[in-house]
Visitor: 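Input: one structure, supplied below.
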2 protein chains.
Amino acid sequence: MTRNGRAPSVKDVAAAAGVSLGTVSNVLNRPAVVSTTTRERVERAMADLGFVRNESARQLRAGTSRALAYVMLDGGNPFFHDVAEGIETAAEDADLSLFVCNSSGRGDREAKHLDRLVQQRVQGILITPADPDAPHLAEVGQRGIPFVMVDRLSRAGDHCSVSVDDVLGGRIAVEHLIDRGHQRVAFVGGPGSIGQVRERLQGAREVWAEFGLPAEDLINLPTEALTVSEGRSAGERLAGLPSRRRPTAAFCANDLLALGLLQHAVTAGLRVPDDLAIVGFDDIDFAAAAAVPLTSVRQPRQELGRTAARLVLDEASNPDHVHEQATFVPALVARASTGIVKRS
Amino acid sequence: MTRNGRAPSVKDVAAAAGVSLGTVSNVLNRPAVVSTTTRERVERAMADLGFVRNESARQLRAGTSRALAYVMLDGGNPFFHDVAEGIETAAEDADLSLFVCNSSGRGDREAKHLDRLVQQRVQGILITPADPDAPHLAEVGQRGIPFVMVDRLSRAGDHCSVSVDDVLGGRIAVEHLIDRGHQRVAFVGGPGSIGQVRERLQGAREVWAEFGLPAEDLINLPTEALTVSEGRSAGERLAGLPSRRRPTAAFCANDLLALGLLQHAVTAGLRVPDDLAIVGFDDIDFAAAAAVPLTSVRQPRQELGRTAARLVLDEASNPDHVHEQATFVPALVARASTGIVKRS
DNA sequence: TGGGCTGGTTGAAATGTTTCAGTTCCGGTG
DNA sequence: CACCGGAACTGAAACATTTCAACCAGCCCA
């Protein structure tokens with residue numbers, strides 16, 4: 001544990017063990033080529049000195065880092081955390097570190113993070129972008145860094161993406177409500193600038209029309225964001241509708257909205273699902289944990305992450321990689337908030 | 001955008017701009033010392049070539065990285081995400097990157113993360129450890145890397161820590177319940193190996209005794225973990241108690257437990273707070289967002305993070321830094337789950 | 001005229017690691 | 001005995017950047 005101000009380097013280890021630099025490096029990277037006795041001597045010296053490999057130097061020389069990065073959209077939404085876990089397991093298998101960054105939905109933060117990650121020369125970048133068409137995203141791709149969009153479809157197809165069929169998700173949700181006998185349904189979600197919100201609404205509309213239901217009975221309740229408090233305020237607007245127009249069910253563009261709506265309904269004395277049925281989207285753990293367990297459209301969160309990591313690793317290592325748009329199929333998880341009584 | 005396989009270096013920029021390496025570096029690091037005309041020429045060349053500084057090389061030469069790291073205990077608990085946000089704002093102010101890692105409560109993962117972070121030579125490490133006494137934590141400190149424990153008190157005092165007075169938190173919670181007239185209260189939490197659980201219980205017991213209430217009416221309902229599902233199962237055990245022993249209120253060691261308990265109560269047909277009042281701990285956003293908004297003991301989550309970051313930065317830059325144990329005072333946030341009807 | 005100063009620029013050294021072409025040593029083979 | 005081949009190890013180059021002493025050209029002042 002010699003400590004003279006500066007961290008011990010391979011050179012120090014070499015001196016202590018009475019071997020050359022190269023041998024120390026071999027012990028580190030190709031232990032097979034060095035004889036058992038010297039290897040042990042070197043390892044001993046490392047332990048004595050408390051040697052820790054300097055990753056920057058390694059990376060500089062090797063030209064390649066041992067890390068992936070995920071820039072998530074909203075750390076406050078457990079959905080993204082679960083995606084990150086999926087990525088992490090894949091990264092762990094490949095023996096890579098994962099840096100998790102959080103843009104909090106702000107494009108400027110996102111750009112800053114990307115900038116730093118490029119400077120770090122990470123092996124690949126996974127991102128759920130605030131705006132899939134932002135110019136700073138394209139720049140990263142042009143730089144030749146493997147790049148995958150997570151939970152967003154890449155329209156241009158100039159990189160990989162992993163997403164869920166949101167139109168289908170919207171269809172599943174609303175079909176379930178129609179099945180349960182609802183004839184007037186609210187769609188709660190926004191802003192429309194988010195592609196997924198538009199697609200979930202589109203799916204809802206499609207299936208609504210296919211059942212021959214009048215378009216004006218699928219009521220659009222736009223929100224400013226996909227948050228619990230926006231869900232609450234949507235609840236207020238919903239309660240304010242004239243009773244003949246008031247829907248008997250709501251399909252929310254994500255679970256946070258649904259939880260907010262549920263809270264408002266309960267405090268307003270509405271019974272869920274009898275007075276108001278609710279369907280969410282994402283199936284985060286808190287959806288199942290709500291006082292009235294939420295029916296939700298499940299996205300395979302971890303799998304999304306794992307697949308994204310797989311794609312980025314392929315792009316990084318496979319010379320004839322071809323960009324791929326992986327799409328997953330969402331599934332309805334029926335619970336009490338639409339009248340399904342089942343232990344969740 | 002010349003692209004010949006290898007990313008452009010300062011050397012390429014220097015050649016393109018017709019200046020020396022040193023000048024390019026000056027443009028990057030001390031723009032003031034270089035004349036306007038050459039600076040512009042160099043910047044132009046950088047833009048043309050798409051130059052991005054190689055951070056590993058910078059770091060190798062400078063000997064110092066531009067990053068902090070936070071190893072969080074449980075990414076699935078929004079509490080830790082909020083702490084991370086606090087850290088991130090402080091890091092941003094200091095113009096540092098923040099790497100967020102997640103140990104998921106597993107000591108081996110934690111050790112692996114620490115190992116990598118030391119290899120990266122990060123400027124400082126913040127951590128909410130699985131086990132505050134684990135040997136791999138001490139190692140980091142001995143290596144001279146600034147190190148702060150977050151939401152855990154450092155007993156030994158050989159590094160900084162930021163925590164909340166958990167005994168006081170327990171007192172506040174139970175005093176509130178006593179105030180509301182409860183004479184039989186359950187403490188839901190575990191495992192006892194977690195120091196905070198012990199301290200919150202201790203606070204509860206202290207105040208219980210001070211009010212002269214019989215010890216056997218403060219009922220201990222131990223759990224295996226601090227999760228929603230454990231909260232649910234505690235609810236089942238609670239419902240199974242003989243009615244004369246059944247508590248009228250529960251104090252949960254964190255909000256996840258409280259949410260689980262709330263869910264069980266609602267599905268079991270209990271009215272909250274009339275049949276069962278509930279107090280949580282942490283005051284995560286989902287506590288306020290629950291169907292019956294949860295009364296909770298608030299920890300200043302973001303502030304915890306900001307302070308921790310401040311301490312680690314001080315240790316990193318201030319030669320006569322002295323280790324500090326920052327302790328925050330928790331506060332009760334009363335909501336509907338204990339009968340306080342207030343817009344939350 | 002010459003010395004000193006100043007703003008701008010240069011060139012080389014240094015950072016810690018990996019890689020690779022050599023070198024040494026030895027046992028075995030013809 | 002000369003030669004070969006392989007195992008083990010060495011030494012130097014290379015990676016991209018920063019830093020710093022040195023240098024240079026003007027310019028001012030004596």
Side-chain angles (χ1 to χ4, degrees), chain A residues 2 4-43 45-46 49-67 116 118-123 143, chain B residues 2 4-43 45-46 49-67 116 118-123 143:
Chain A
T2 29
N4 65 347
R6 130 169 310 10
S9 72
V10 275
K11 200 186 298 188
D12 302 321
V13 174
V19 298
S20 79
L21 285 193
T23 302
V24 178
S25 178
N26 281 336
V27 170
L28 246 24
N29 304 296
R30 284 180 232 67
V33 316
V34 26
S35 77
T36 325
T37 69
T38 55
R39 184 177 61 226
E40 276 163 3
R41 197 145 37 93
V42 171
E43 280 166 350
M46 285 182 179
L49 295 171
F51 169 79
V52 180
R53 192 212 240 98
N54 181 325
E55 175 64 20
S56 326
R58 204 219 108 254
Q59 187 171 324
L60 172 60
R61 170 63 230 222
T64 155
S65 88
R66 306 286 299 147
R116 288 205 229 251
V118 175
Q119 291 193 38
Q120 308 265 359
R121 304 286 196 270
V122 291
Q123 283 222 350
R143 231 171 220 110
Chain B
T2 27
N4 65 347
R6 132 170 302 17
S9 71
V10 274
K11 199 187 298 187
D12 301 323
V13 173
V19 296
S20 78
L21 285 192
T23 301
V24 177
S25 177
N26 281 337
V27 171
L28 245 23
N29 304 296
R30 285 181 233 65
V33 315
V34 24
S35 77
T36 326
T37 69
T38 54
R39 184 177 61 229
E40 276 163 1
R41 197 144 40 92
V42 171
E43 279 166 348
M46 285 183 177
L49 295 171
F51 168 80
V52 180
R53 192 211 240 100
N54 182 325
E55 175 65 19
S56 328
R58 204 218 108 256
Q59 188 171 322
L60 172 59
R61 169 65 229 220
T64 156
S65 87
R66 306 286 299 147
R116 289 204 228 251
V118 174
Q119 290 192 27
Q120 307 266 357
R121 303 288 194 271
V122 292
Q123 283 223 350
R143 227 166 227 113

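Values in this document were obtained by computation on a predicted structure and should not be read as measured data. So that the names make sense, note that chain A is the first sequence line, chain B the second, and so on, each numbered from 1.
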Visitor: Residues two or more places apart in sequence or in another chain: which of them pass side chain to side chain contact (heavy atoms under 4.5 Å, CB included) with B:Ala15?
Guide: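 With neighbours one apart ignored, the set is empty.
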
Visitor: Considering residues at least two apart in sequence or located in another chain, which fulfil the side chain to side chain donor-acceptor pair (under 3.5 Å) criterion with B:Asp12?
Guide: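 Applying side chain to side chain donor-acceptor pair (under 3.5 Å) to B:Asp12 gives none.
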
Visitor: Who are the side chain to side chain donor-acceptor pair (under 3.5 Å) partners of A:Ser65, not counting sequence neighbours?
Guide: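 Side chain to side chain donor-acceptor pair (under 3.5 Å) list for A:Ser65, sorted by chain: empty.
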
Visitor: Mind checking what makes side chain to side chain donor-acceptor pair (under 3.5 Å) contact with A:Gln123, not counting sequence neighbours?
Guide: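 For A:Gln123, the residues satisfying side chain to side chain donor-acceptor pair (under 3.5 Å) (neighbours in sequence not counted) are A:Thr64.
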
Visitor: What range of DNA chain C does chain A touch, first nucleotide to last, counting atoms under 4.0 Å from its heavy atoms?
Guide: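 Under 4.0 Å from chain A, the extent on DNA chain C is C:dG16 to C:dT19.
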
Visitor: Scan nucleotides 4-6 of chain D against the protein and return all N/O pairs shorter than 3.5 Å with their distances rounded to 0.1 Å.
Guide:
none

Visitor: List in chain and number order the residues that pass side chain to side chain donor-acceptor pair (under 3.5 Å) with B:Arg53, two or more places apart in sequence or in another chain; answer none if no residue qualifies.
Guide: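 In terms of side chain to side chain donor-acceptor pair (under 3.5 Å), with neighbours along the sequence ignored, B:Arg53 is linked to B:Asn29.
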
Visitor: Of all residues at least two apart in sequence or in a different chain, which pass the side chain to side chain contact (heavy atoms under 4.5 Å, CB included) check with A:Gln120?
Guide: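 With sequence neighbours excluded, A:Gln120 shows a side chain to side chain contact (heavy atoms under 4.5 Å, CB included) to A:Val122, B:Glu55, B:Phe99, given in chain and number order.
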
Visitor: Could I get a table of every N or O pair under 3.5 Å where one atom is in the protein and the other is in nucleotides 16-18 of chain D?
Guide:
from   : atom 1 : to      : atom 2 : distance (Å)
D:dT17 : OP1    : B:Asn54 : N      : 2.9
D:dT17 : OP2    : B:Val10 : N      : 2.5
D:dT18 : OP1    : B:Asn29 : OD1    : 3.4
D:dT18 : OP1    : B:Asn29 : ND2    : 3.3
D:dT18 : OP1    : B:Arg53 : NE     : 3.2
D:dT18 : OP2    : B:Ser25 : OG     : 3.3
D:dT18 : OP2    : B:Asn29 : ND2    : 3.3
D:dT18 : O2     : B:Arg61 : NH1    : 2.9

Visitor: Checking B:Arg116 now: which residues fulfil side chain to side chain contact (heavy atoms under 4.5 Å, CB included) with it, not counting sequence neighbours?
Guide: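 B:Arg116: side chain to side chain contact (heavy atoms under 4.5 Å, CB included) contacts with A:Asp95, A:Ser97, B:Lys112.
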
Visitor: Heavy atoms under 4.0 Å, any strand shown: does A:Thr38 hit a base, just sugar-phosphate, or nothing?
Guide: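 Touches sugar-phosphate only.
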
Visitor: Estimate the overall bend of the helix from C:dT1-D:dA30 to C:dG30-D:dC1 from the end axes over five pairs each, rounded to 10 degrees.
Guide: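 About 70° separates the two local helix axes.
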
Visitor: Return the set of residues passing side chain to side chain contact (heavy atoms under 4.5 Å, CB included) with A:Thr37 (not counting sequence neighbours), or none when no residue passes.
Guide: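 Once residues adjacent in sequence are excluded, the partners of A:Thr37 under the side chain to side chain contact (heavy atoms under 4.5 Å, CB included) criterion are A:Ser35.
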
